[in-house]
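Because the structure is predicted, anything quoted here is derived from the model rather than measured.
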Amino acid sequence: ISFRDFLGLSFADTVPDAKTIWDFSDQLQKLGLERKLFDRFNKELEKQGFAAQGGCIVDGPFVESARRVANGS
């Protein structure tokens, strides 16, 4: 959802599936273009007054589990 918002996409807009994005990423790596792409992206962000400092997004489900209480020993 955050990526859709960042890109200005609504839920009605079509987006590539995960396999398509994965294949595109593989091709960029094989051609040695991924660094050039990210460098260009960072320059565009800087032009708009933003700076990418790093971080990560974790995509996964929340799973409930039993709580364990420390026994204090």
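- In terms of the salt bridge (Lys or Arg N to Asp or Glu O under 4.0 Å) criterion, residue partners of R40 (sequence neighbours excluded) are, by chain and number, E44.
- Remark: R67 pairs with no residue by the salt bridge (Lys or Arg N to Asp or Glu O under 4.0 Å) rule, at least two apart or across chains.
- Hydrophobic clustering of Ile, Leu, Val, Met, Phe, Trp and Tyr side chains at less than 4.5 Å, counting indirect connections, keeps I21 apart from F6.
- Evaluation of the side-chain contact (heavy atoms from CB on, under 4.5 Å) rule for E34 yields L28, Q29 as partners, not counting sequence neighbours.
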If you look only at distance, which donor and acceptor atoms sit under 3.5 Å apart when one is on a side chain in residues 12-19 and the other is two or more places apart or in another chain?
unit_1	atom_1	unit_2	atom_2	d
D13	OD2	S10	N	2.7
D13	OD2	S10	OG	3.4
D17	OD1	K19	N	3.3
D17	OD1	T20	N	2.8
D17	OD1	T20	OG1	2.7
K19	NZ	D23	OD1	2.9
K19	NZ	D23	OD2	3.2

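- Not a single salt bridge (Lys or Arg N to Asp or Glu O under 4.0 Å) links K30 to another residue, sequence neighbours left out.
- Atoms CG and CG, on L31 and L37 in that order, are 12.0 Å from each other to the nearest 0.5 Å.
- In the hydrophobic clustering of this structure, F41 groups with L9; members are Ile, Leu, Val, Met, Phe, Trp, Tyr whose side-chain heavy atoms approach within less than 4.5 Å, directly or through other members.
- Crowding of I1 atom CD1: a count of heavy atoms from other residues, nucleotides or ligands under 6.0 Å not exceeding 12.
- E64 meets the salt bridge (Lys or Arg N to Asp or Glu O under 4.0 Å) test with no other residue; sequence neighbours excluded.
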From CA spacing to verdict: salt bridge (Lys or Arg N to Asp or Glu O under 4.0 Å), D39, R35 | CA-CA 6 Å; D39 289 346; R35 179 55 19 210; 3.1 Å; yes
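- For the atom pair CG of L7 and OG of S2, the computed distance is 9.5 Å after rounding to the nearest 0.5 Å.
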